[in-house]
Amino acid sequence: MKTVLIHGMVMAPAFWSCFAPSIVREGKAAAYPLPGHSPWTLDGLCGALKTADIVNAYAAAIERDFDGEPVTLIGHSTGGFVSLLLARHRPDLVSNVILMGAFACGRFVGQERLAARILRLPLLGRLLFIRLFTGWITTRETFRWGSLECVFDKSVGWETEETIATMEQVREHLMKSRADDIVAFVTWMSQASVVDELALIDVPVLNIIGARDAIVPPSHQIHLSGRLPRVHTVILDKVGHLPMAEARENVDQLVAAFLLFGPLTANRKNDLVKPAKPAPLHLALPLGP
């Protein structure tokens, strides 16, 4: 099994070291950063970011790390958006897609994300965004409270020594990111959309939706599913924007069932059920020039 995991906005590849579905660890997996998130700097991309630049960078990384063979994409939130773009523009590199808390456009139906709204403020928007971003990641406690906003049931018990250590690694990665690069990526995202092309994405998709997601409206995620031709949608009750953390066992079972008994060919299924030596999850692979 070959898997690429892409995290959400202002997170880091280290997130998946704790929260990747269990079956992923039975094959070869790599966790890639979003553009502008350490270690992917945007020095080589002149001017405004373009969708083609981003798609080509991920495609080059997959071709490099997986010998050009198709992979399963697992994308959370913004990582799901990027996964859909890859499936649309480079289907030769994508066997199937697993979405969690994902969206299909930077500006939701009738809504605009808070980060984008801040950046659109005249004169002070960019400075305010940078100040809020840097303030959020400054201490372990401020970052923790910001992350908790993604969780519906604060008492669900997803915070353990392991997960707390993982989120601290994420914060440390973010502290190495450049705020200007994050601004460039958010600006691109707020103007990008794949909604009108969802019907052209001809790969199997598993869309896992938290019914209590306060970050990406569940209605948008359901609307996304309605436009995909080969999608299996699961809505988890009493779950917010982090289903892999809030309902880990359920997500593990859903992902395993999708990969083992869902859309794959017989040959691919045989590859998956063969005894495999667990491989380490490769983190933070640079994608930029």
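Small disclaimer: the values here were computed from a predicted structure and weren't measured.
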Tightest non-hydrogen contact, residues His7 and Pro13, listed as CD2-N, 3.3 Å
Contact check, side chains of Leu206 and Asn96, non-hydrogen atoms, under 4.5 Å
no
For Phe133 and Val183, what are the C-alpha separation, side-chain angles and deciding distance, and is it a side chain to side chain contact (heavy atoms under 4.5 Å, CB included)?
CA-CA 10 Å; Phe133 168 69; Val183 166; over 6 Å; no
Atom CZ of residue position Arg144 - does it have more than 12 heavy atoms of other residues, nucleotides or ligands inside 6.0 Å?
yes
Within-4.5 Å side-chain heavy-atom neighbours: Met189 and Phe103
yes
Tell me whether Thr142 contacts the main-chain N or O of Ile137 through its side chain, where contact means a donor paired with an acceptor under 3.5 Å.
no
Modelled atom types, side-chain donor and acceptor of Trp145 and Glu149, under 3.5 Å:
no
Leu242 and Ile215: same hydrophobic cluster, using ILVMFWY side-chain contacts below 4.5 Å?
yes
So CE of Met244 and CD1 of Ile208: to nearest 0.5 Å the spacing works out to 8.0 Å
Which atoms form the tightest heavy-atom contact between Asp252 and Ser22, and what is the distance?
OD2-OG, 2.7 Å
Please report the interatomic distance NE2(His89) to OG1(Thr51), rounded to the nearest 0.5 Å.
6.5 Å
Check the hydrophobic clustering (I, L, V, M, F, W, Y; side-chain heavy atoms under 4.5 Å; chains of links allowed) and say if Met167 and Met175 are grouped together.
yes
So Ser83 and Tyr58, do their side chains get closer than 4.5 Å, heavy atoms only?
no
So how far is it from Leu224 CG to Leu99 CG, rounded to the nearest 0.5 Å?
6.5 Å
Close side-chain approach of Pro70 to Leu93, heavy-atom, < 4.5 Å
no
Are any side-chain N or O atoms of His241 and backbone N or O atoms of Gly210, one a donor and one an acceptor, separated by less than 3.5 Å?
no
Let me confirm one number: the CD1-OG distance from Ile182 to Ser177, rounded to the nearest 0.5 Å.
5.0 Å
Determine, using the 4.5 Å side-chain heavy-atom cutoff (strictly less than), whether Phe185 and Val55 are members of one ILVMFWY cluster.
yes
Does Thr138 offer a backbone N or O that forms a donor-acceptor pair with the side chain of Arg171 under 3.5 Å?
yes
Hydrophobic clusters here meaning ILVMFWY residues chained together by side-chain heavy-atom distances under 4.5 Å, can you tell me if Phe258 and Val255 are in one?
yes
State, yes or no, whether a side-chain contact exists between Leu42 and Leu49 at a heavy-atom distance under 4.5 Å.
yes
How about Arg227 and Asp196: do any of their side-chain heavy atoms sit closer than 4.5 Å?
yes
With rounding to the nearest 0.5 Å, note down the distance linking CG in Asn207 to OG1 in Thr233.
5.0 Å
Any donor-acceptor pair under 3.5 Å linking the side chain of Asp213 with the backbone of Gly101?
no
Evaluate Arg212 against Leu236 for side chain to side chain contact (heavy atoms under 4.5 Å, CB included), listing each step before the verdict.
CA-CA 8 Å; Arg212 307 300 181 92; Leu236 300 177; over 6 Å; no
What orientation do Trp136 and Phe143 show, parallel under 30°, tilted 30 to 60°, or perpendicular over 60°?
tilted
Side chain to side chain contact (heavy atoms under 4.5 Å, CB included) for Glu26 and Ile23? Distances and angles first, verdict last.
CA-CA 5 Å; Glu26 298 177 11; Ile23 193 172; 4.1 Å; yes
Which pair of heavy atoms, one from Pro21 and one from Met100, lies closest together, and at what distance?
CG-CE, 4.3 Å
Would you check if Ile164 and Arg140 make a side-chain contact, meaning some heavy-atom pair closer than 4.5 Å?
yes
Residues Glu63, Arg90; criterion salt bridge (charged side-chain N to carboxylate O under 4.0 Å, His left out); working and verdict:
CA-CA 11 Å; Glu63 290 170 341; Arg90 290 300 307 267; 3.0 Å; yes
Hey, could you give me the CG/NE2 distance between Leu174 and His37, rounded to the nearest 0.5 Å?
6.5 Å
Considering all heavy atoms of both residues, which atom of His220 and which atom of Ala102 are nearest to each other, and what is their separation?
CD2-O, 4.2 Å
Indicate yes or no: at least one non-hydrogen side-chain atom of Phe66 is less than 4.5 angstrom from one of Val4.
yes
Pair Ser77-Met9, side chain to side chain contact (heavy atoms under 4.5 Å, CB included): steps then yes or no
CA-CA 7 Å; Ser77 194; Met9 175 66 68; 5.7 Å; no
Can you tell me which residue among Leu5, Asp65, Val82 is in a side chain to side chain contact (heavy atoms under 4.5 Å, CB included) with Tyr32?
Asp65
Should the heavy atoms of other residues, nucleotides or ligands under 6.0 Å from CD of Glu161 be counted, would the total exceed 12?
no
On a heavy-atom basis, which atom in Val203 and which in Ser95 lie closest, and how many Å separate them?
CB-O, 4.1 Å
Is it the case that one hydrophobic cluster holds both Leu132 and Val186, taking links as side-chain heavy atoms less than 4.5 Å apart, direct or via other members?
yes
Considering non-hydrogen atoms only, spot the tightest contact between Ala104 and Leu198 and give its length.
CB-CD1, 4.0 Å
Please confirm whether the backbone N or O of Val239 pairs with a side-chain atom of Glu246, one donor and one acceptor, at under 3.5 Å?
no
May I ask you to decide if the ring planes of His76 and Trp16 are parallel, tilted or perpendicular, using 30° and 60° as cut-offs?
perpendicular
